[in-house]
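The figures that follow rest on heavy atoms only: side chains count, while hydrogens, waters and symmetry mates do not. Note on naming: letters A, B, ... go to the chains in the order of the sequence lines (proteins, then strands), and numbering restarts at 1 for each one.
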Protein chains: 2
Amino acid sequence: MDKVYKTVIVDDHPIVISGISGLLADLETVEIVGKLQSGVLLVDYIEENQVDLILMDIFLPVINGVDLCKTIKQKYPQIIIIGMSSQSERSLVMQFIQNGGNGYVLKSASFEEFGNCINNVIQGEIVFSDEVKTIISQPVSDDLEHIPSLSRREKDITLLLSKGKSTQEIADELFLSFLTVQTHRRNILQKYKTKNVAELIAFLLKNNLLN
Amino acid sequence: MDKVYKTVIVDDHPIVISGISGLLADLETVEIVGKLQSGVLLVDYIEENQVDLILMDIFLPVINGVDLCKTIKQKYPQIIIIGMSSQSERSLVMQFIQNGGNGYVLKSASFEEFGNCINNVIQGEIVFSDEVKTIISQPVSDDLEHIPSLSRREKDITLLLSKGKSTQEIADELFLSFLTVQTHRRNILQKYKTKNVAELIAFLLKNNLLN
DNA sequence: AGCTTTTTACCTGATATCAGGTAATAGGAA
DNA sequence: TTCCTATTACCTGATATCAGGTAAAAAGCT
């Protein structure tokens with residue numbers, strides 16, 4: 001007789017918990033023993049109960065999933081942990097795995113994908129849902145990978161630019177010469193290979209580099 | 001005997017659909033007749049089936065929830081539509097309601113909240129889950145309230161602006177006069193009371209009006 | 001059919017941005 | 001201490017943007 005994995009679901013959305021529960025109910029290898037809404041509750045739960053498998057949201061209030069995973073794996077390396085999120089970002093997935101995660105699944109994954117991942121992860125594999133696989137396997141043209149970062153002064157200036165300030169206004173506000181601000185502007189545009197501030201602001205906001 | 005509301009759930013995450021289904025199964029007033037993963041499928045479904053209530057994710061691929069809601073309400077004003085999302089933003093909720101939405105619920109809402117909202121919305125009320133209520137009841141300087149929307153052409157132009165295109169390039173691309181594009185630019189800046197394109201793009205992206 | 005909004009288009013002048021240079025000083029890291 | 005990056009600053013000329021005005025088609029709504 002196969003082992004039945006005592007499984008805990010951690011997510012701050014009751015709906016998601018309910019959804020996963022419904023899905024896992026069909027699998028005979030897992031048994032849901034806990035439905036928790038925060039990382040703190042999870043840590044407490046593990047202290048006092050037998051747990052074999054954890055499905056956890058990465059974006060949890062207070063503690064983030066990566067740190068939570070690391071903490072748990074340090075004390076209980078035998079527990080299998082699968083991370084979940086709505087959107088996936090390459091670096092985030094990598095971080096999660098590097099901190100001991102056994103898999104990463106997007107919430108947009110189909111039921112079938114979900115089931116497959118669970119089945120494979122208990123075989124000892126590191127599992128990813130299809131979309132995650134696509135994202136992490138992209139060769140990532142090396143130059144596109146490292147997005148240059150802004151220096152302190154450059155951040156000051158881009159922030160003011162995004163508020164519609166002109167070069168002169170920025171110079172006044174930061175007690176700099178008009179010409180200095182102009183130099184910074186040029187450097188910033190060059191850094192991101194953008195033609196003008198409009199494109200620059202769009203790029204920064206889309207890459208969460210502003211604020 | 002009370003009417004049973006034929007209900008459709010629209011979300012690109014199968015898990016969420018499953019979760020809501022589970023929850024609604026307990027309610028006797030609603031009957032789930034459709035589980036769809038996109039706005040396009042929803043529009044098709046409505047054409048050919050009787051629908052009384054829609055629960056839709058706001059962040060859907062291709063079409064956003066607000067526009068989808070507007071489109072549906074124009075043709076079928078009697079259909080009750082509840083919006084859902086993970087995080088709530090005041091302006092987004094307001095926009096949704098202004099475009100005909102009958103309620104807005106966070107996915108982090110408890111089962112009880114969810115149930116209450118459904119029960120009340122079919123009584124004709126506009127409903128919000130608790131957290132949404134908190135957010136929208138915060139006093140806001142009235143002028144910040146109504147965000148004007150862009151016309152089709154204006155959207156075309158802002159999109160190109162965000163890609164760093166100059167007035168001349170936009171004119172060429174859209175087969176318009178340079179002067180026409182200039183007029184559009186001015187109107188758009190005026191519409192949002194922004195000083196220049198940088199501020200405009202920042203505003204649009206922060207308010208999810210671009211793309 | 002009449003009204004409103006959108007889209008198109010033109011003119012002018014004041015400012016601002018962009019792109020090409022160069023270069024001294026300050027601060028942090030190896 | 002040496003090297004590198006960041007920060008500061010100046011010059012010039014070509015383009016682009018912004019702000020003010022006006023107005024006629026075209027499209028959409030009632």
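- When the ring-ring contact (aromatic ring centres under 6.0 Å, His included) test is applied to B:Tyr5, no partner is found at least two apart in sequence or on another chain.
- Listed by chain and residue number, nothing satisfies the salt bridge (Lys or Arg N to Asp or Glu O under 4.0 Å) test with B:Glu112 (two or more places apart in sequence, or in another chain).
- Taking atom CD of residue A:Glu169 and atom C1' of nucleotide C:dA16, one finds them 11 Å apart after rounding to whole Å.
- Spacing between atom NE2 of A:His184 and atom C1' of D:dT5 amounts to 12 Å, rounded to whole angstrom units.
- Atom CG of A:Leu189 and atom C1' of C:dT17 are 9 Å apart (whole Å).
- Considering only residues two or more places apart in sequence or on other chains, A:Glu173 meets the side-chain hydrogen bond (donor to acceptor under 3.5 Å, both in side chains) condition with A:Lys165.
- Rounded to whole Å, the distance from CD on B:Gln168 to P on D:dT17 is 9 Å.
- An end-to-end axis angle of 80° holds for the helix from C:dG2-D:dC29 to C:dA30-D:dT1, taken from five base pairs per end and rounded to 10°.
- Within the structure, salt bridge (Lys or Arg N to Asp or Glu O under 4.0 Å) pairs that include any residue of residues 42-59 of chain B comprise B:Lys3-B:Asp52, B:Glu47-B:Lys75, B:Asp57-B:Lys107 (at least two apart or interchain).
- Checked against side-chain hydrogen bond (donor to acceptor under 3.5 Å, both in side chains), B:Asp67 has the following partners two or more places apart in sequence or in another chain: B:Asn64.
- Heavy-atom distances under 4.0 Å link DNA chain D to B:Ser166 of residues 149-166 of chain B, given in residue order.
- The separation between B:Gln190 atom CD and D:dG20 atom P is 7 Å, rounded to whole Å.
- Following rounding to the nearest Å, B:Ile170 (CD1) and C:dT7 (C1') show an atom-to-atom distance of 15 Å.
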Give me the distances for all protein-to-nucleotides 9-12 of chain D N/O pairs that come in under 3.5 Å?
residue : atom : partner  : partner atom : Å
D:dA9   : OP2  : A:Ser177 : N            : 2.8
D:dA9   : OP2  : A:Thr180 : OG1          : 3.0
D:dA9   : O5'  : A:Thr180 : OG1          : 3.2
D:dA9   : N7   : A:Thr183 : OG1          : 3.4
D:dA9   : N6   : A:Thr183 : OG1          : 3.3
D:dC10  : OP2  : A:Ser177 : OG           : 2.7
D:dC10  : N4   : A:Thr183 : OG1          : 3.3

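- Within residues 195-202 of chain A, no residue approaches DNA chain D, by heavy-atom distance under 4.0 Å.
- Partners of A:Phe114 according to the ring-ring contact (aromatic ring centres under 6.0 Å, His included) rule, which considers only residues two or more places apart in sequence or in another chain, do not exist here.
- Residues passing the side-chain hydrogen bond (donor to acceptor under 3.5 Å, both in side chains) test with A:Ser108, sequence neighbours excluded: A:Glu131.
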Identify every side-chain donor-acceptor pair in residues 193-200 of chain A under 3.5 Å, counting partners at least two apart or on other chains, and give the distances.
residue  : atom : partner  : partner atom : Å
A:Thr194 : OG1  : A:Leu189 : O            : 3.3
A:Asn196 : OD1  : A:Ala198 : N            : 3.3
A:Asn196 : OD1  : A:Glu199 : N            : 3.1
A:Asn196 : ND2  : B:Gly164 : O            : 2.9
A:Glu199 : OE1  : A:Lys195 : N            : 2.8

